[in-house]
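Quick note: residue numbers are just sequence positions, from 1.
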Amino acid sequence: MKLWLKILISVVTLTLLFALVPLLEVRRAVSQITFPVWIVALGGFIAGHSLGLAKWQMMVNAGRSNLRWFAATQCYAAGLFANLCLPSIVGGDLLRAVLAGKATGRPEAAVLGGLADRIGDMVISGLLICVGGALAGGALTGWRSQVVGLGLTIGLGIGLASLPLIFQRRLSSWPARYRRMIARTLIVLRHLLRNPQTALRALLISFLVQSGFVLLNAWIGRAVGIEVPLSVWFLTWPLAKVAALAPISLGGLGVRDATLAALLAPFGVPPALSLAASLIWQSVLIAGGLLSGLLWWRLSDVRREREAY
């Protein structure tokens with residue numbers, strides 16, 4: 001999709017949300033968030049991505065790229081900042097892989113390590129969705145609970161049934177435009193199977209980070225007046241994040257907000273509260289991205305000063 005079309009989708013989605021949801025209720029809900037609460041949320045975001053930095057560096061170095069902490073921090077900060085500008089948050093992954101490849105001279109290790117890092121996050125997100133959905137079903141009554149259970153069963157069934165088809169299918173039988181991505185993914189999975197300890201450590205860190213972000217959003221939601229079981233957040237927030245990964249909007253803006261509102265609605269959450277909580281988290285993402293950009297700029301100056309001497 002063209003960049004202008006992705007921007008248009010974000011603008012149209014947000015416009016529809018604000019047209020359908022009473023702005024006064026959204027403003028009232030947002031006003032419930034005090035500055036200390038917002039600062040704590042920002043601190044949690046920074047702490048989570050500090051662990052994410054360590055995990056990403058570990059995955060890149062698993063390919064013997066010898067990416068040092070200073071360069072890894074600079075690359076990771078650049079990726080977070082780029083998430084504010086690029087059409088999808090996956091674009092930030094690509095930028096930090098390119099920078100890491102230049103810093104180490106091992107672009108293939110940086111690309112495959114970054115891909116392994118993203119695959120691990122997706123696996124953990126799927127796990128959180130399954131566990132959250134299994135526990136959140138009790139918060140619904142009647143046919144809604146059955147729909148959640150049926151959806152999880154079908155999703156797991158399709159996922160498990162598709163694995164043998166993916167691994168056993170010849171690479172030449174895939175469409176040409178997808179062959180490179182699939183080949184790299186298979187290489188990453190093979191590499192992870194050969195390094196189970198690294199993979200398990202990465203999955204553990206990913207679990208801590210993703211769970212921490214869910215808890216932060218649940219805390220923000222409670223502050224604006226959303227009263228749902230914690231299991232509901234472990235179902236809805238990862239699903240909204242996965243929806244934001246689709247390259248159809250600008251950094252997931254609009255898509256994430258609409259998805260979260262739609263997912264929380266069956267649990268009796270007014271769309272105004274869902275939108276308020278999502279916008280507050282979006283402000284945390286923007287602030288974290290700007291701070292990352294500032295860190296990237298400062299570290300670049302330090303590197304140039306070192307090279308000058």
Side-chain angles (χ1 to χ4, degrees), residues 3 6-7 10 35-118 120-121 198 201-202 205-206 208-210 212-213 216 241 244-245 247 249-253 280-309:
L3 176 60
K6 296 176 181 180
I7 296 175
S10 289
F35 185 69
V37 171
W38 187 85
I39 286 294
V40 170
L42 179 60
F45 175 84
I46 294 173
H49 278 289
S50 297
L51 289 174
L53 164 61
K55 173 170 64 74
W56 176 73
Q57 182 185 10
M58 178 177 63
M59 298 304 292
V60 172
N61 284 338
R64 300 178 181 178
S65 61
N66 194 28
L67 180 64
R68 301 193 179 276
W69 178 85
F70 185 91
T73 303
Q74 187 179 11
C75 298
Y76 195 90
L80 278 182
F81 176 68
N83 286 340
L84 301 178
C85 315
L86 297 179
S88 171
I89 61 177
V90 179
D93 294 355
L94 178 61
L95 176 61
R96 66 187 184 188
V98 170
L99 294 177
K102 291 182 178 180
T104 62
R106 295 288 306 277
E108 72 286 350
V111 171
L112 295 178
L115 184 58
D117 181 59
R118 180 57 64 182
D121 285 344
T198 300
R201 284 197 298 268
I205 295 175
S206 181
L208 294 175
V209 173
Q210 298 302 321
F213 286 162
L216 276 177
K241 181 180 179 181
L245 289 174
S249 63
L250 189 64
L253 184 62
I280 292 167
W281 181 248
Q282 189 68 40
S283 72
V284 171
L285 295 181
I286 293 173
L290 292 176
L291 289 175
S292 298
L294 182 63
L295 177 62
W296 177 23
W297 172 71
R298 180 55 188 154
L299 291 178
S300 298
D301 282 348
V302 172
R303 187 193 63 187
R304 282 192 291 267
E305 292 173 359
R306 289 180 176 178
E307 292 175 350
Y309 288 103

Taking only residues two or more places apart in sequence or in another chain, which ones pass side chain to side chain contact (heavy atoms under 4.5 Å, CB included) with Leu208? none
Let me have the donor-acceptor pairs involving side chains of residues 43-54, under 3.5 Å, with sequence neighbours excluded, atom names and distances please.
residue, atom, partner, partner atom, Å
His49, ND1, Tyr76, OH, 2.9
Ser50, OG, Ile46, O, 2.9

Please collect all salt bridge (charged side-chain N to carboxylate O under 4.0 Å, His left out) contacts where either partner lies in residues 71-80, sequence neighbours excluded, each pair once. none
Are Leu42 and Leu291 close enough that some pair of their side-chain heavy atoms sits under 4.5 Å apart? yes
Kindly write out the residues that satisfy side chain to side chain contact (heavy atoms under 4.5 Å, CB included) with Ser300, not counting sequence neighbours, or none if the list is empty. Gln74, Trp296, Arg304
When rounded to the nearest 0.5 angstrom, what distance separates CG in Asn61 from OG1 in Thr104? 8.5 Å
So, for Ala202 and Met59, which heavy atoms are closest and what is the spacing to 0.1 Å? CB-SD, 3.5 Å
Contact check, side chains of Phe81 and Leu95, non-hydrogen atoms, under 4.5 Å: no
Nearest heavy-atom pair of Ala71 and Ala103: which atoms, and what distance? CB-CB, 4.2 Å
Contacts of Arg298 meeting side chain to side chain contact (heavy atoms under 4.5 Å, CB included) (sequence neighbours excluded), chain-then-number -> Asp301, Val302, Glu305
side-chain hydrogen bond (donor to acceptor under 3.5 Å, both in side chains) with Gln210: which residues, sequence neighbours excluded? Lys241
What heavy-atom pair brings Ser292 and Leu80 nearest, and what distance separates the two atoms? OG-CD1, 3.3 Å
Is there a side-chain contact between Trp56 and Leu67, using heavy atoms and a 4.5 Å cut-off? yes
Residues Ala100 and Cys75: closest non-hydrogen pair is N-SG, 3.5 Å
Suppose the criterion is salt bridge (charged side-chain N to carboxylate O under 4.0 Å, His left out): which pairs have a residue in residues 36-63, not counting sequence neighbours? Lys55-Asp117, Lys55-Asp121
For Leu294, side chain to side chain contact (heavy atoms under 4.5 Å, CB included) partners two or more places apart: Trp297
I need the minimum non-hydrogen distance between Leu99 and Ala78, along with the two atoms involved. CD1-CB, 3.5 Å
Between Ile205 and Met58, which heavy-atom pair has the shortest distance, and what is it? CD1-CE, 4.3 Å
